[in-house]
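The shown structure was predicted, so the numbers you read here are calculated from the model rather than taken from an experiment. Side-chain atoms are counted along with the backbone in the values below, which use heavy atoms only and exclude waters and symmetry mates. So you know, we letter chains A, B, ... as the sequences are listed, proteins then strands, and number each from 1.
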Amino acid sequence: MQHVIIGNGIAGVCAAEAIRKLDARARIVMIGDETFPPYSRPMISHVLAGDQPHDKLPIRSTRFYEELAVEPLLGRRVAAIAVDEGQVCLTDGTRVAYDRLLIASGADPRPLRAEGIELGRIFYMRTQAHARQQVAALEGARCALVLGGGLVGFKAAYGLLRRGLAVTLLISSGYPLSMQVDPTAGGMILDELVRHGLTVEVGVSVRAFEGNGTVQAAVTDAGTRLPCDLAIIGKGVLPARGFVPADRIAVDLGIMVDDHLQTSAADIYAAGDVAEAVDLARGCRWVNALWPEAAAQGRVAGFNMAGRPVVYPGSLSRNVMRIFDLDVLTVGIANPGRDEGCRIVTDGGPGLGYYRRLVLKDQRLVGAVLINRIEQGGVLRALIDNRTPLRLPPERLLAPNFNFGRLLF
Amino acid sequence: MKQVIVHPERCVGCMQCMLACATAHSRSGTLLAACQERPRPNPRIHVGAGRFNEGFPNRCRHCDPAPCQMACLAGAIYRRESTATVLVNPDRCINCASCAMACPYGVIRFHEDPLGPAGWAIAIKCDNCGARVAKGLIPACVETCKTGALTYEEMDDAMARKTRAVARSLSAPDRPAMPAGVVLLTSIKQAEMQLGER
Amino acid sequence: MFDPRDNVSVTQDANRLLAKARQDGIETVWQRHEAQQPQCGFCDMGLSCRICVMGPCRVDPFGQGPQSGVCGADADIIVARNLCRMIAAGAASHSDHGRDLVEVLAGVADGSAVGYQIRDEAKLKRLAKEYGVATADKTALAIAADLADAMMEDYGMRRKAIRLVERAPKKRRAVWEKVGLIPRGIDRETSEMMHRTHMGVDNNWQSLLLQGLRNALSDGWGGSMIATEVSDILFGVPTPRPTAVNAGVLKADQVNIVVHGHNPVVSEMVSAACQSPELLDLARAKGAVGINLVGVCCTGNELLMRRGIAMAGNHLMTELILSTGAVEMMIVDYQCIMPSVGKVACGYHTKMVSTSDKAKFPHMEHVEFHPHNAREKAMTVVRAAVENFANRKGQPFIPVEPQAAVGGFSVETIIGALGGTPAPLIDAIKAGKIRGAVGIVGCNNPKIKHDYGHVTLTRRLIENDILVVDTGCVSVATAKAGFKVPEAAAMAGPGLKEICGALGIPPVLHMGSCVDNVRILVLVSALADALGVDICDLPVAGSAPEWYSEKAVTIGVYFVASGVTTHLGPMPPIAGSMNVVNLLTEGLKDVVGASFAVEPDPEKAAVFLRNTIEGKRKALGLDWRAVV
């Protein structure tokens, strides 16, 4: 049996480990464009912030491939998949045959179309190379611009603030993390950043960058000049599926997978940021490009590829982060539409040092936003993940001493 | 292999296990001195209020596979097979709380640890009292519990005992499974809670 | 208990003020109660003992861990000792309150208690007669001196029996004689209780509990009774007068002063100062229309009973009323004042003043009142309150309109309303128009939704033609719920409605503060004497649906020891010994003709109390029915 895994991010790595756990003899080939040892992608924002050194990024040893008996094809990119022939075609012409294929190619930063985008000291934030370049570019940088108030942009802005730069964040909604948190929490988070010196502009788009070799200013659609000597673009990610034949493998935003992480093509699986499974809270297809999802999906895909059918019920959006004096944990749906029939209970808020928002639908928790005292957020996450019908009044979940014991009766 | 087994119906919420656990993870090793230590030692077992405000000892289950281990961004969480214990490497932990988000039981906390790196908060959770067991002692929480809510035994022995108790209660219904006083207290607490929700 | 829905009470003002308090970042009793969960089961069951340093010890209720303390005391002894110390503490509190009043009486007699006086000479003389103090050819002050002296004797070791025990029906005293329960001295019984519960003294759980009963009786027929009677002498016997209750009694345009605590020796002086022309002028000069004195808890009830002064709330309201932002000053003396209130006041402009040398609190200014300087000190603190009016921050939040009520039902008033004898009431009971009576007493407790127990139980009882008399926090709860206006008769069953209409009384009679529970003892004694029976034969019962304090334990025990079967909402810490539980809930029937019952649900409690009453009716040969 020959397994081929496209991608050496956490999804691919966990898949390889899962296959090897079940099958000591199968051949596993991993194709990845990064040559760095498997590393923790989310940790790059900690590197930017200065909390962790770059050399702490690897989470598997440099002998990972050897120890797992995986054949690595690193520094290579995929051009196409020949489904009928059962082969993966690389950009350098190589063809790799497979019996089972896992597409775990991840996602790439959504590119920004703007004049001057090729100027120096303008970065996306996705890879350890980006992190290394950004840290090097901090030398002499005083004034940074960050585009995008989503997870990437937000973490970039936070990291640069921690490094002592003057930071301006351009967001389209009224508050950052608008996909993850509700307006109250968003306001508390925004206030915390502003308190630490962040400047925020809402609804401003950049049409061009100006500079002499390296960036010196950004120009908005309205024609305003925003001086900056470093810029990070965090306007989301797009599943890297350019090489996937859409006529043979069903795609949407990402590659559509069933509850065994199999695509519409036999023996072809997908996992991680490139995959689109069902979102457990939303009840519809969704791409949740998150580290723990990629790890879990990779693992389950690997089991299935190795011949043990394991069900993957669906993905769930979730995040936890520490922002200066605020800890934020979000799970599931924070902002249901008015007609979705959801009930919302809240506690705390600005000035009270903590915040809780729970979104419920039909006796089940489908979303939670916690600010501070986040340590037991996993209990709520599990309630959402398992779609557990609540047998106690939802208000009990808000109490400061809510704990697992409250659920047993 | 012996492990700590929780019998929640016996927990009276006295929280002695929390004191013993924190003391066992202090520099000084005695309760009075431990309270004075800075950074303070912290318990890794957490007595919570159950549905009707009964006690519930919430401790790490050392899951296999462990959700915290799979979610850890820094690769800091690992499993020691010889003692079936899931542990956090204090030198690799980056205090990101991804493990807490993964843990369905809510047993992870974040503190500076008296026996860990100075000045940094890290993920703290039950370590099955490895240091004590290595010295021939039993886990601190078990040693201190006076009601039998925490035991240290083979799982098979505990399950056999439970099976016998269930069988006895079915075949001799006049021998109640729980003492009358406990049943009385529990029924009052349950009534009070339910009245409050009326 | 704490609930983010803010629905911790059946009253509007509590819920609205709690929402405001939380918005203001104020921590309240409900949050602290929640943070305590789970509360330790050893202690909850009475199975932990800290009496000596060979311990601390606990007994495992599951039978596996230790079954006795280091000294060898088993669960029965440990539970009994713990309960008895609660009784001692409660008795000590009430009795100390009585002691302070006796000191004022003595001070009035010798002229040192400036500003105090004898308001009811007739009652002075009646009490004097009971104490064997000669009244012929003596001034009131001379009688007062001798009476005070005689009452002080009741506190000591010179007597074989506390004097006012004589008030109990002969049959009741015979029961006490037989079992050895006649209380000998007020301080003596408490002292002996503390002695007996020392390690290595009384190690028989029944014997301990019997002393507990005697100790409680030394309160009910001793310290508390002296407190109430001397208060009547010094401040007047209560008569019915209109009043108002709930947070709406605070006024946006007046200087609001709240008295909290228990002893009228303080609140009466404050009341006088609030009426002084000099301070009223000062208030007007500060832009206030007047000085609005209101009370919370028992001292508030003392003022309500005698003067119709309004009450802002009961125990669980004491923090919340400060959230109105309308209180210029809260003046406290002792008992039931949560140490948190000073901290709550820090969030507002409210000045907090403690007045008793026995009771100091965090975040309070201490202005010590004694009988010789109380009048002057009262002027000082009220002046400071008036000055504080200028410091109000913004508009006060007074979320309700005040609820009218009628209080002031002393025994004298009730007998008066009945035409001078208890006969009309007895006839109504015999005829079955009124099935019986229940005294609902006691506190609030965050374990029970605030006032839910009191209001629900009261409603069920009067619906079923049972007359309710109430005191303490209960009396505020039922007044707030509208049970004490003439229209309340509509809520009563047909028989009770008729009698209330005929006598011109509400279906729920507001009898006063917690020491005024003795008024209930006097009333049932009068009924028992009129019928020639013992108290335990009467179709009466007691209930404390939401109690919290040690004083409440003592009150419950003296009610039961006096022959009144008593229901408790929350359970005392006795579940660790089924022997103790069984004695208190069953065995005591054979000893004193009454017992306890524990039931948090007021609906079920109502059924229990109704059945108790119907059972007494049957035993008396009256018509009776079974209640399901």
More than 12 heavy atoms of other residues, nucleotides or ligands under 6.0 Å from [atom1] of [X]: yes or no?
X: C:R50; atom1: CZ; value: no
X: B:E153; atom1: CD; value: yes
X: B:R161; atom1: CZ; value: yes

Minimum heavy-atom distance [X]-[Y], with the two atoms named:
X: B:E9; Y: C:F62; result: O-CZ, 3.4 Å
X: C:Y452; Y: B:R198; result: OH-NH1, 2.6 Å
X: B:C14; Y: C:C40; result: CB-SG, 3.5 Å
X: B:T144; Y: C:R58; result: O-NH2, 4.2 Å
X: B:E192; Y: C:P600; result: CG-CB, 3.8 Å
X: C:P38; Y: B:G48; result: CG-O, 3.3 Å

Begin from the C-alpha positions of B:R10 and C:Q64 and carry the test side chain to side chain contact (heavy atoms under 4.5 Å, CB included) through to its verdict. CA-CA 11 Å; B:R10 291 264 181 128; C:Q64 266 190 300; 2.4 Å; yes
At a 4.5 Å cut-off on heavy atoms, which part of B:Q16 comes close to chain C: side chain, backbone, both, or neither? side chain
Measure B:Q190 against the heavy atoms of chain C and call it side chain, backbone, both or neither at under 4.5 Å. neither
Hey, could you give me the CD/CD distance between C:Q39 and B:E54, rounded to the nearest 0.5 Å? 12.5 Å
Atom CG in B:L195, atom OG1 in C:T456: separation rounded to 0.5 Å? 9.0 Å
Look at C:A575, C:C43, C:G65 and state which one has the largest set of heavy-atom pairs under 4.5 Å with chain B. C:A575
Most contact-rich option vs chain B, by heavy-atom pairs under 4.5 angstrom, among C:G41, C:P602, C:G569, C:A75, is C:G41
Given heavy-atom pairs under 4.5 angstrom as the criterion, report whether the side chain, backbone, both or neither of C:P573 touches chain B. neither
Atom group of C:E599 that falls short of 4.5 Å from chain B, counting heavy atoms: neither
Side-chain contact, heavy-atom cut-off 4.5 Å: C:M571 with B:L185? yes
Evaluate the side chain to side chain contact (heavy atoms under 4.5 Å, CB included) criterion for residues B:M193 and C:Q37: first the C-alpha distance (whole Å), next the side-chain angles of each, then the deciding distance (0.1 Å), finally the verdict. CA-CA 12 Å; B:M193 179 71 95; C:Q37 303 309 318; over 6 Å; no
Side chain to side chain contact (heavy atoms under 4.5 Å, CB included) assessment of C:M45 paired with B:V182: CA-CA 8 Å; C:M45 296 176 72; B:V182 175; 4.0 Å; yes
Could you check C:D44 against B:K189 for side chain to side chain contact (heavy atoms under 4.5 Å, CB included), going step by step and ending with a plain yes or no? CA-CA 10 Å; C:D44 224 342; B:K189 284 165 86 101; 3.5 Å; yes
